[in-house]
Amino acid sequence: EQTFLDMLLARLLVTLRHDSASFTPPTLASAAGALGALHERGVSAKRAASGASSAANRRCVEALGEHIVKALEAFGEEDIARVGGHFAIAFLDDVQRRAFLRRAAQLDAGLRSDGAPHLLVAMQDMEAVVRKHSFAFIASLPDQTKDYLMKLKLAADKAVRSPA
(Lines give C-alpha, C1' and ligand atoms only; values in the text may rest on other atoms or scores of the structure.)
Protein backbone atom coordinates (compact mmCIF):
# COMPACT_ATOMS: atom_id res chain seq x y z
CA GLU A 1 0.00 0.00 0.00
CA GLN A 2 2.70 2.50 1.00
CA THR A 3 4.80 1.79 -2.08
CA PHE A 4 1.78 2.34 -4.31
CA LEU A 5 1.00 5.64 -2.57
CA ASP A 6 4.64 6.71 -2.97
CA MET A 7 4.40 6.00 -6.69
CA LEU A 8 1.15 7.96 -7.03
CA LEU A 9 2.60 10.91 -5.13
CA ALA A 10 5.66 10.97 -7.38
CA ARG A 11 3.38 11.11 -10.43
CA LEU A 12 1.20 13.78 -8.80
CA LEU A 13 4.29 15.90 -8.13
CA VAL A 14 5.38 15.70 -11.77
CA THR A 15 1.89 16.63 -12.95
CA LEU A 16 1.61 19.51 -10.45
CA ARG A 17 4.89 20.93 -11.75
CA HIS A 18 4.31 20.46 -15.49
CA ASP A 19 0.54 20.76 -15.93
CA SER A 20 -0.62 22.82 -12.97
CA ALA A 21 -3.31 24.58 -15.01
CA SER A 22 -5.26 21.32 -15.20
CA PHE A 23 -5.72 21.32 -11.41
CA THR A 24 -9.07 22.99 -10.77
CA PRO A 25 -10.26 23.63 -7.20
CA PRO A 26 -12.37 20.42 -7.21
CA THR A 27 -9.37 18.41 -8.44
CA LEU A 28 -7.02 19.91 -5.85
CA ALA A 29 -9.62 19.38 -3.13
CA SER A 30 -10.22 15.75 -4.12
CA ALA A 31 -6.50 14.96 -4.13
CA ALA A 32 -6.03 16.62 -0.75
CA GLY A 33 -9.09 14.93 0.74
CA ALA A 34 -7.90 11.53 -0.44
CA LEU A 35 -4.45 12.06 1.07
CA GLY A 36 -6.01 13.22 4.34
CA ALA A 37 -8.30 10.18 4.49
CA LEU A 38 -5.40 7.81 3.77
CA HIS A 39 -3.30 9.53 6.44
CA GLU A 40 -6.08 9.08 8.97
CA ARG A 41 -6.22 5.36 8.13
CA GLY A 42 -2.48 4.85 8.50
CA VAL A 43 -1.22 5.00 4.90
CA SER A 44 0.45 8.37 4.82
CA ALA A 45 2.43 10.66 2.59
CA LYS A 46 4.46 11.38 5.73
CA ARG A 47 5.78 7.84 5.64
CA ALA A 48 7.56 6.23 2.74
CA ALA A 49 9.01 2.93 1.59
CA SER A 50 12.44 4.57 1.07
CA GLY A 51 14.38 7.74 1.81
CA ALA A 52 14.00 8.97 -1.77
CA SER A 53 10.26 8.41 -1.59
CA SER A 54 10.10 10.29 1.69
CA ALA A 55 11.67 13.39 0.13
CA ALA A 56 9.45 13.13 -2.96
CA ASN A 57 6.33 12.69 -0.81
CA ARG A 58 7.22 15.78 1.22
CA ARG A 59 7.77 17.84 -1.94
CA CYS A 60 4.46 16.59 -3.35
CA VAL A 61 2.32 17.54 -0.36
CA GLU A 62 4.12 20.88 -0.09
CA ALA A 63 3.40 21.58 -3.78
CA LEU A 64 -0.22 20.49 -3.35
CA GLY A 65 -0.60 22.78 -0.33
CA GLU A 66 0.89 25.69 -2.27
CA HIS A 67 -1.47 25.08 -5.20
CA ILE A 68 -4.46 24.93 -2.83
CA VAL A 69 -3.53 28.23 -1.17
CA LYS A 70 -2.97 29.92 -4.55
CA ALA A 71 -6.42 28.77 -5.69
CA LEU A 72 -8.30 29.42 -2.41
CA GLU A 73 -10.23 32.42 -3.74
CA ALA A 74 -11.77 30.11 -6.36
CA PHE A 75 -12.66 27.42 -3.77
CA GLY A 76 -16.33 27.03 -2.96
CA GLU A 77 -18.00 25.33 -0.01
CA GLU A 78 -17.84 21.89 -1.64
CA ASP A 79 -14.12 22.27 -2.32
CA ILE A 80 -13.35 23.36 1.23
CA ALA A 81 -15.36 20.46 2.65
CA ARG A 82 -13.73 17.99 0.26
CA VAL A 83 -10.20 18.92 1.45
CA GLY A 84 -11.14 17.95 4.99
CA GLY A 85 -9.55 18.55 8.33
CA HIS A 86 -7.16 15.62 8.23
CA PHE A 87 -5.28 17.01 5.23
CA ALA A 88 -5.35 20.56 6.62
CA ILE A 89 -3.88 19.48 9.95
CA ALA A 90 -1.41 16.88 8.71
CA PHE A 91 -0.06 18.56 5.59
CA LEU A 92 -0.66 22.32 5.60
CA ASP A 93 1.70 24.56 7.55
CA ASP A 94 0.24 27.08 10.02
CA VAL A 95 0.13 29.95 7.50
CA GLN A 96 -1.59 27.77 4.88
CA ARG A 97 -3.96 26.35 7.48
CA ARG A 98 -4.93 29.86 8.61
CA ALA A 99 -5.63 30.92 5.02
CA PHE A 100 -7.65 27.76 4.42
CA LEU A 101 -9.77 28.24 7.55
CA ARG A 102 -10.17 31.95 6.78
CA ARG A 103 -11.62 30.99 3.38
CA ALA A 104 -13.99 28.52 5.03
CA ALA A 105 -15.13 31.29 7.39
CA GLN A 106 -15.58 33.76 4.50
CA LEU A 107 -17.83 31.25 2.77
CA ASP A 108 -19.59 30.31 6.02
CA ALA A 109 -19.04 26.79 4.71
CA GLY A 110 -21.58 24.33 6.05
CA LEU A 111 -23.59 26.97 7.87
CA ARG A 112 -25.42 28.63 5.02
CA SER A 113 -29.14 28.00 4.94
CA ASP A 114 -28.98 27.00 1.28
CA GLY A 115 -26.15 24.52 1.92
CA ALA A 116 -26.44 20.78 1.66
CA PRO A 117 -26.56 18.86 4.97
CA HIS A 118 -23.42 16.89 4.09
CA LEU A 119 -21.46 20.16 4.02
CA LEU A 120 -22.36 20.91 7.62
CA VAL A 121 -21.29 17.42 8.69
CA ALA A 122 -18.00 17.70 6.76
CA MET A 123 -17.23 21.11 8.24
CA GLN A 124 -18.12 19.96 11.76
CA ASP A 125 -15.68 17.09 11.29
CA MET A 126 -13.05 19.59 10.19
CA GLU A 127 -13.70 21.76 13.23
CA ALA A 128 -13.33 18.76 15.54
CA VAL A 129 -10.03 17.75 13.93
CA VAL A 130 -8.67 21.30 14.20
CA ARG A 131 -9.83 21.60 17.82
CA LYS A 132 -8.17 18.28 18.77
CA HIS A 133 -4.96 19.30 17.03
CA SER A 134 -4.16 22.43 19.03
CA PHE A 135 -6.15 24.79 21.18
CA ALA A 136 -3.24 27.26 21.00
CA PHE A 137 -3.57 27.32 17.21
CA ILE A 138 -7.29 28.08 17.45
CA ALA A 139 -6.64 30.79 20.03
CA SER A 140 -4.22 32.48 17.61
CA LEU A 141 -6.76 32.65 14.76
CA PRO A 142 -8.49 35.91 13.77
CA ASP A 143 -11.82 36.51 15.51
CA GLN A 144 -13.90 35.87 12.37
CA THR A 145 -12.33 32.43 11.95
CA LYS A 146 -12.67 31.55 15.65
CA ASP A 147 -16.31 32.65 15.60
CA TYR A 148 -16.94 30.49 12.55
CA LEU A 149 -15.35 27.43 14.19
CA MET A 150 -17.41 28.07 17.33
CA LYS A 151 -20.63 28.18 15.27
CA LEU A 152 -19.72 24.81 13.76
CA LYS A 153 -19.08 23.36 17.21
CA LEU A 154 -22.34 24.75 18.59
CA ALA A 155 -24.27 23.30 15.64
CA ALA A 156 -22.65 19.90 16.29
CA ASP A 157 -23.45 20.12 20.02
CA LYS A 158 -27.05 21.04 19.21
CA ALA A 159 -27.38 18.10 16.82
CA VAL A 160 -26.14 15.71 19.52
CA ARG A 161 -28.61 17.06 22.10
CA SER A 162 -31.60 16.94 19.77
CA PRO A 163 -31.24 14.15 17.20
CA ALA A 164 -33.67 14.30 14.30
**Asked** Is there a donor-acceptor pair under 3.5 Å between the side chain of Asn57 and the backbone N or O of Arg47?
**Response** yes
**Item:** Side chains of Thr24 and Thr27, donor plus acceptor under 3.5 Å
**Value:** yes
**Prompt:** Hey, is CE on Met7 packed in by over 12 heavy atoms from elsewhere, all under 6.0 Å?
**Reply:** yes
**Residue pair Glu62 / His67, side-chain donor-acceptor N/O under 3.5 Å** = no
**Asked** When you measure from the side chain of Arg82 to the backbone N and O of Ser30, does any donor-acceptor pair fall under 3.5 Å?
**Response** no
**Prompt:** Side chain of Lys46, backbone of Ala90: donor and acceptor closer than 3.5 Å?
**Reply:** yes
**Item:** Distance flag, aromatic centroids of Phe91 and His39, threshold under 6.0 Å
**Value:** yes
**Contact check, side chains of Phe137 and Asp94, non-hydrogen atoms, under 4.5 Å** = yes
**Prompt:** Counting distance only, does the side-chain N/O of Tyr148 pair as donor-acceptor with the main-chain N or O of Leu101 below 3.5 Å?
**Reply:** no
**Asp6-Thr3 side chain donor-acceptor pair, cut-off 3.5 Å** = no
**Asked** With distance as the sole test, does Gln96 use its side chain to make a donor-acceptor pair with the main-chain N or O of Val69 at under 3.5 Å?
**Response** no
**Request:** Can you see which heavy atom on Glu77 is nearest to which on Asp108, and at what distance?
**Result:** OE2-O, 3.8 Å
**Request:** Identify the heavy atoms of Ile138 and Arg131 that sit nearest to each other, and give their distance.
**Result:** CD1-CA, 3.3 Å
**Request:** Identify the heavy atoms of Ala71 and Leu28 that sit nearest to each other, and give their distance.
**Result:** CB-CD1, 4.0 Å
**Complete:** Heavy-atom closest pair (Leu72 atom, Arg103 atom, distance to 0.1 Å) is O-NE, 3.0 Å
**Prompt:** Can Phe23 be reached from Leu64 by stepping across I, L, V, M, F, W or Y side chains whose heavy atoms are under 4.5 Å apart?
**Reply:** yes
**Request:** Give a yes or no on whether the backbone of Leu141 and the side-chain of Thr145 come within a donor-acceptor separation of less than 3.5 Å.
**Result:** no
**Message:** So which atom in Ala81 and which in Met123 form the shortest heavy-atom distance, rounded to 0.1 Å?
**Reply:** CA-SD, 3.7 Å
